Amino acid sequence: MKTRMSLKVLSYIGFPLFIIGGLAVVWIFRVQLYDVFASPAHLREWVGGWGYTAPLVFIALQFVQVVLFVIPGEVAQAAGGYIFGMWAGILYSVVGILLGSTFNFFLARLLGVPFVNAVFGAERLKRFDLVLTSRRATAAFFLLFLIPGIPKDALCYVAGLSTLSFPLFMLVSTVGRLPGIIGSSALGGAAANRMWFTAGTITVIAVVLFVAGLLYRERMQLFAERVAGQRRKPPSEKPAGPGDHAGEE
């Protein structure tokens with residue numbers, strides 16, 4: 001009983017405390033962080049200074065970025081391509097993102113709806129109600145992870161409340177994110193090698209996709225909801241009457 005009460009309290013205050021703690025660390029080390037992130041060259045020098053453990057340091061940074069999702073993931077992914085090259089950057093980004101996504105998914109399962117409300121917002125979470133209870137949550141979540149402009153790191157918390165099994169979550173979240181990871185890492189690698197035409201082309205494509213995602217996000221999310229189909233009814237819900245399905249396809 002005491003454990004259940006502790007989890008309930010933690011579900012309400014855990015994420016705000018996590019954010020406050022993160023902001024406090026950023027403020028305390030603000031000068032050092034500014035020096036590191038002042039330019040891609042400084043960041044590469046700082047990460048490279050860790051020697052053979054540099055990939056582990058980057059993976060840890062990517063993990064923190066996914067959990068806190070304050071910094072856009074594309075920034076960290078582009079930095080990976082800039083520091084390690086495109087293919088190694090993709091690999092290290094995927095590993096860090098997988099670890100962070102796993103943490104988000106199981107933390108949501110542990111602390112439940114109140115916690116995810118604090119992370120994502122109650123009103124925004126309601127938009128995913130159909131997807132969360134759908135028999136076709138796998139296809140719907142794949143589309144959501146694929147759509148540009150949807151906060152995918154925060155979406156991992158939402159997925160933790162869904163009917164998705166963990167292996168399916170890892171599959172759809174990773175495959176859905178891959179185009180963005182590849183594009184961002186390619187951009188960083190091209191910039192590191194001064195391939196400005198390639199970097200410019202990738203940037204233009206990324207901006208167009210991002211703007212399209214913002215403009216058509218509502219339509220694409222509605223499409224994902226249609227893919228989710230009819231919601232499963234809880235056992236306590238009264239069976240539908242003969243006329244209740246009028247108008248359904």
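Each residue takes its place number in the sequence, starting with 1. Owing to the predicted nature of the structure, the values given are computational and were not obtained by experimental measurement.
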>> Would a single hydrophobic cluster contain both Leu187 and Leu61, if residues Ile, Leu, Val, Met, Phe, Trp and Tyr are joined by side-chain heavy-atom contacts under 4.5 Å?
In response: no

>> Let me check something: do Leu56 and Leu91 share a hydrophobic cluster, defined by ILVMFWY side-chain heavy atoms less than 4.5 Å apart, either directly or through other members?
In response: no

Evaluate the side-chain proximity of [Y] to [X]: yes if any heavy-atom separation is below 4.5 Å, no if none is.
X      : Y      : result
Phe103 : Cys156 : no
Leu155 : Phe141 : yes
Thr174 : Ile97  : no
Gln77  : Ile182 : no
Phe142 : Leu171 : no

List the atom of [X], the atom of [Y], and the distance in Å for their closest heavy-atom pair.
X      : Y      : answer
Asp153 : Asn104 : O-ND2, 3.2 Å
Gly183 : Ile202 : O-CG2, 3.5 Å
Tyr157 : Val116 : O-CG2, 3.8 Å
Leu146 : Pro179 : CD1-CG, 4.2 Å
Phe58  : Gly80  : CZ-CA, 3.4 Å
Ser93  : Ile181 : CB-CG2, 4.1 Å

Nearest 0.5 Å please: distance from the [atom1] atom of [X] over to the [atom2] atom of [Y].
X      : Y      : atom1 : atom2 : value
Leu144 : Ser173 : CG    : OG    : 12.0 Å
Phe145 : Lys152 : CZ    : NZ    : 8.5 Å
Thr102 : Phe169 : OG1   : CZ    : 6.5 Å

Donor-acceptor pairs under 3.5 Å, side chain of residues 105-115 to any protein atom, not counting sequence neighbours: which ones?
unit_1	atom_1	unit_2	atom_2	d
Arg109	NE	Gly160	O	2.7
Arg109	NH2	Ser162	O	3.0
Arg109	NH2	Leu164	O	2.5

>> Counting neighbours of CE on Met195 that are heavy atoms of other residues, nucleotides or ligands and sit closer than 6.0 Å, is the number greater than 12?
In response: no

